[in-house]
Amino acid sequence: MSYQTQIQDLMREVFVVDLAVDAETYDSAAPGIEVPKKKEMGDFAFACFKFAKVLRKAPNAIAADALAALQPRLKDHPQFAEVAAAGPYLNFKMNQASLAADVVPAVLDGSFLAPRSRNGQKMMIEYSQPNTHKAFHVGHMRNVALGDALARICDWQGYEVVPVNYIGDEGTHIAKCLWFYKNHFDGEVPEVNRGEFLGSLYTQATLMLDPTTLTTYPLAGIYAAQVVRIEMHPSREDQTVVALDLGDREVQVVCGGTGFSVGDRVAFAAPGSRIGGRLVQPTDKGGVASEGMICSARELTIGDDHTRIHVLPTDTPLGAELIEHFRIEGALPEGQGVGAELARRNREVSEVLKALEAKEGPLYDLWQETKQWSMDEFYEIYKWLDARFDHYFFESDVSESGKQAVLEYLEKGVLVRSEGAIGADLSDFGLPFALLLKSDGTGLYATKDISLAQIKFETFGVDKSVYVVDHSQSLHFQQVFRVLEMMGYEKAKDCFHLAYGLVKVVEGKNEAGQSNVVKMSSRKGNVFLFSQLRQALRDETFERYLKPFVGEWSDEEIEEAARWVSVATIRYGMLNTDNLNEIAFDLDAWINNTGNTGSYLMYAYARTRSIKRKLGEQDGSLADWALLTHEAEKRLLSGMSKFHEVVARAAEDFKPNVVCTYLYSLAKDYSRFFSECPIKQAESEALRVTRAQLNDAFGLLLGKGLALLGIRTLERI
RNA sequence: GCGCUUGUGGCCAAGUGGAAAGGCAUCGGUCUUCGAAGCCGACGACCGUAGGUUCGAAUCCUACCAAGCGCACCA
């Protein structure tokens, strides 16, 4: 029985028997047993506020009464050393001897740290989900750290965990990469890091296809026009009717924006152009014909302003197409049209995409070969990190079945046609329409997720399904889960999107001396690649901490230490904060391994082993738990006794950071114990043996806790 | 416009309706004694703002402010 339950039972007796509180009333008002914020106040606390109304007394007085009634009963409960009233609270201090007797031997014989009994639930945890043909970077590491830690925690807690990966091995990003490789790459394919090499090809491809590298006004079909007249709309208050001079003709548009006047040159989007992905067409707006639109900076994708109409320089020639007029000098040969060239490149990419969909031919073979380059790199990364996957899903395996499923459920009337496409009307759930099949018959991301979920339910028979995916996908998963529910899958309610925040990078300081935190972008070149990260961590760890041991330790041991400290640094750094917080990655701060870090915990573990080595064999039968009277020893014991409930909460809430906070606090207590309670030089042999056992037990417990986070411990670092 | 998420000391950050952890930075102690990646101490927060619910709110509710993200033919 846990100490909390024991206290609950005791207090129930006190209130019901001694203070004459009605049993039912007590049960409805009984507070949970808390842990005092300040450790010196005790191990557990019982708050008396709730009984103020029932007993018509001040909480402080109730606490005093309860304490008086409790005192005689404590004789039968020697595990509680002391109970004190502190205002409205009763603070329980554990008898450290019974605490130690309960915890230390159980830790040493392995029972305390053994996995919880199986609960018969199969939990699938999908994480990592990297795209092939793209580089693996720091941002991906958070996902792996989270998913793998959760798999370990939930496994320990009693679930049958099936960790799975879901590889993005198809889509336009691959067509772009292979298009560049075939048409524009003329170097040698490197022998190593070929996954990252593909990623660099993809980056170069996106640059070639990015209009803003060729022109400052990236949208096609937009022309310079001069405002001739602005008139009120006859029936709509917030709109105006604007007459425009295009040089060779005059057009009329209905406009909702402001901030321009007669004589200004503005950006006119002609019918056939696309603004925000939508086709511009001649329309009728409240009885007035509108032959296109004039655009804001936001609509032109050149700024954030979406209320005011963007005004062009006064010397912009009327009728000039902006994409050509504002072309960046030297980006293309003279005479080569920006629009035409971009259209040509995109056509080529589409052809690559079509060739890949045919699933045969030289491009398909190239896809298979290059995909393996990425996969080899992923396998290597997971191995280095010690991350586990029991199964790999591939997008290319579920895209066809996804389309079939959509058609099947359209037939069944679950899904509907809309604007030529097929999807789910989720308005009953307050969600936007979920598009599942485009009007050209091709599927989307969600289409594949539907099929994949079916496989998880039907083939794998999962009870719970967890998706570790960043927070920006929240709406997507809400929609997918609802669609699955509409399709009749009971288990849809046991699907859970574990959302987490982005990893950003710190890029220099601003004028005020504050760090600039920016989103990673391959275009800006501030992506921290996995290979760079691994190298930087290894080198820094070696330089700062391991160099003194060269010659004393074997080269292998030093490399192993550098490796596992690096893994601990990255994993702990990614896990030691709430899932939804954004992380500003700063290599210098992370490697500056002081304070609350993974290496601090590994260091604490190494100290326990160092002591054990120096002490040699001890006669455990001499241990006397009553000797552990030092405040640091009591705290350490009290903390260790909470291992089970901490891991349970981490599993329940999918929050590995709970374990981090707990282990760090324990390690702090240990460090204090280490510096204030000599073991080897203890006053008596009994004390030495007892402390040695506490030292060993803490080491085992810390090691298990770190293992749940995917962090290995070493005998020395 | 609608929705989701986040706002806690100079910076980062924990916090399960009950007594504001911790780390970095700054300042001061501490290695002839088990590993100083350590330990001890000092400094510093009315928890975005305004209401509400409650004996009690950083925590729940409402509104507002700020930041990030997302809102059908991208993944």
Side-chain angles (χ1 to χ4, degrees), chain A residues 31-32 34-39 41 45 47-53 58-59 86-89 91 129 131 168 170-173 277-278 395 418-423 430-446 448 470-476 478-479 499 501-502 504 513-515 519 541 544-545 565 576-578 580-584 586 589 592-597 599-604 606-615 649 652-653 657-658 660-662 664-665 668 671-682 688 691-692 695 716-717:
Chain A
E34 300 159 33
V35 175
K37 291 269 153 57
K38 287 195 170 41
K39 289 175 180 174
M41 293 174 135
C48 297
F49 301 99
K50 290 230 163 97
F51 302 101
K53 243 183 198 164
Y89 291 94
N91 289 331
Q129 308 110 332
N131 284 327
E170 65 176 18
T172 49
H173 77 276
R278 284 175 186 272
E395 282 188 23
S418 168
E419 296 174 30
I422 301 173
L431 292 172
F433 185 83
L435 187 68
L436 294 170
L437 216 52
K438 298 196 277 186
S439 43
D440 65 1
T442 54
L444 293 116
Y445 189 46
K448 302 173 199 176
D470 81 274
H471 173 252
S472 68
Q473 306 296 328
S474 291
L475 178 57
H476 163 79
Q478 278 189 61
Q479 291 179 312
L502 246 85
K504 299 191 168 179
Q514 291 180 322
S515 300
K519 200 170 168 174
T541 306
R544 283 185 204 232
Y545 304 111
V565 168
N576 185 31
T577 190
D578 191 88
L580 282 167
N581 282 349
E582 284 182 353
I583 290 180
D586 181 354
N592 197 8
N593 272 332
T594 55
N596 193 349
T597 61
S599 70
Y600 175 91
L601 298 175
M602 287 183 76
Y603 181 73
R607 297 215 286 195
T608 70
R609 306 305 294 171
S610 176
I611 287 180
K612 191 173 167 63
R613 279 193 301 274
K614 296 211 160 112
L615 285 173
R649 192 153 61 84
E652 174 75 19
D653 300 341
N657 74 308
V658 168
C660 294
T661 306
Y662 169 70
Y664 179 67
S665 157
K668 289 275 295 179
S671 292
R672 187 177 191 134
F673 162 75
F674 181 90
S675 62
E676 295 187 14
C677 304
I679 301 178
K680 206 172 173 184
Q681 307 295 328
R688 180 171 68 241
R691 281 180 174 164
N695 175 74
R716 45 186 194 176
I717 61 171

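Protein chains get the first letters and strands the later ones, always in sequence-line order, with residue 1 at the start of each.
- OP1 or OP2 of B/G35 has at least one side-chain nitrogen or oxygen of A/K614 nearer than 4.0 Å.
- Distance from the side chain of A/L580 is smallest to B/U6 among B/A72, B/U6, B/C39.
- Side-chain N/O atoms of A/Y600 and A/S671 include a donor and acceptor closer than 3.5 Å.
- Distances from the side chain of A/I611 to the nucleotides B/G35, B/A19, B/G15 place B/G35 closest.
- Heavy atoms of A/E419 sit under 4.0 angstrom from at least one base atom.
- Considering only the side chain of A/T594, B/C24 comes nearest among B/G22, B/C24, B/A14.
- Nearest nucleotide to the side chain of A/T577, out of B/C34, B/A13, B/A19: B/A13.
- With B/C71, B/A14, B/C39 as the choices, the nucleotide that has an atom nearest any side-chain atom of A/T661 turns out to be B/A14.
- For the pair A/Y445 and B/A72, the criterion of a side-chain N or O lying under 4.0 Å from OP1 or OP2 is not met.
- Along RNA chain B, the nucleotide closest to A/L444 and the one closest to A/Q478 are compared, and the more 5′ of them pairs with A/Q478.
- Glycosidic conformation of B/C31: syn, with the torsion inside 90° of 0.
- Taking only distance into account, the side chain of A/S418 meets the base of B/A72 through a donor-acceptor pair shorter than 3.5 Å.
- At the heavy-atom level, A/D653 lies nowhere under 4.0 Å from the strands shown.
- Contact annotation: A/S675 side-chain N/O to B/A36 OP1/OP2 distance is not under 4.0 Å.
- In this structure, A/A45 reaches the bases: a heavy-atom distance under 4.0 Å links it to at least one base atom across the strands shown.
- Note on A/N695: nothing from the nucleic acid sits closer than 4.0 angstrom, heavy atoms only.
- Among B/G15, B/C39, B/A37, the nucleotide with an atom closest to any side-chain atom of A/S671 is B/C39.
- Between B/G68 and A/K504, no contact under 4.0 Å exists linking OP1 or OP2 to a side-chain N or O.
- Within 4.0 Å of A/Q681, counting heavy atoms only, lies no atom of the nucleic acid at all.
- Within the structure, every side-chain polar atom (N or O) of A/R544 is placed at least 4.0 Å from both OP1 and OP2 of B/A37.
- A/L502 comes within 4.0 angstrom of no nucleic acid atom, judged by non-hydrogen atoms across all strands.
- Heavy atoms of A/N657 sit under 4.0 angstrom from primed sugar atoms or phosphate atoms, though from no base atom.
- Within the structure, every side-chain polar atom (N or O) of A/N596 is placed at least 4.0 Å from both OP1 and OP2 of B/A21.
- Looking at heavy-atom distances under 4.0 Å, A/C677 makes contact with a base.
- For A/R607, the listed nucleotide lying nearest its side chain is B/G35; candidates were B/C39, B/A37, B/G35.
- Looking at heavy-atom distances under 4.0 Å, A/N91 makes contact with a base.
- Between A/E170 and A/K668, the residue whose closest nucleotide on RNA chain B is further toward the 5' end is A/K668.
- Comparing B/G70, B/A75, B/G23 by their closest approach to the side chain of A/Q473 singles out B/A75.
- Listed candidates were B/A36, B/U6, B/C71. Nearest to the side chain of A/P432 is B/C71.
- In the set B/A13, B/C39, B/G70, the nucleotide with an atom closest to the side chain of A/S472 is B/G70.
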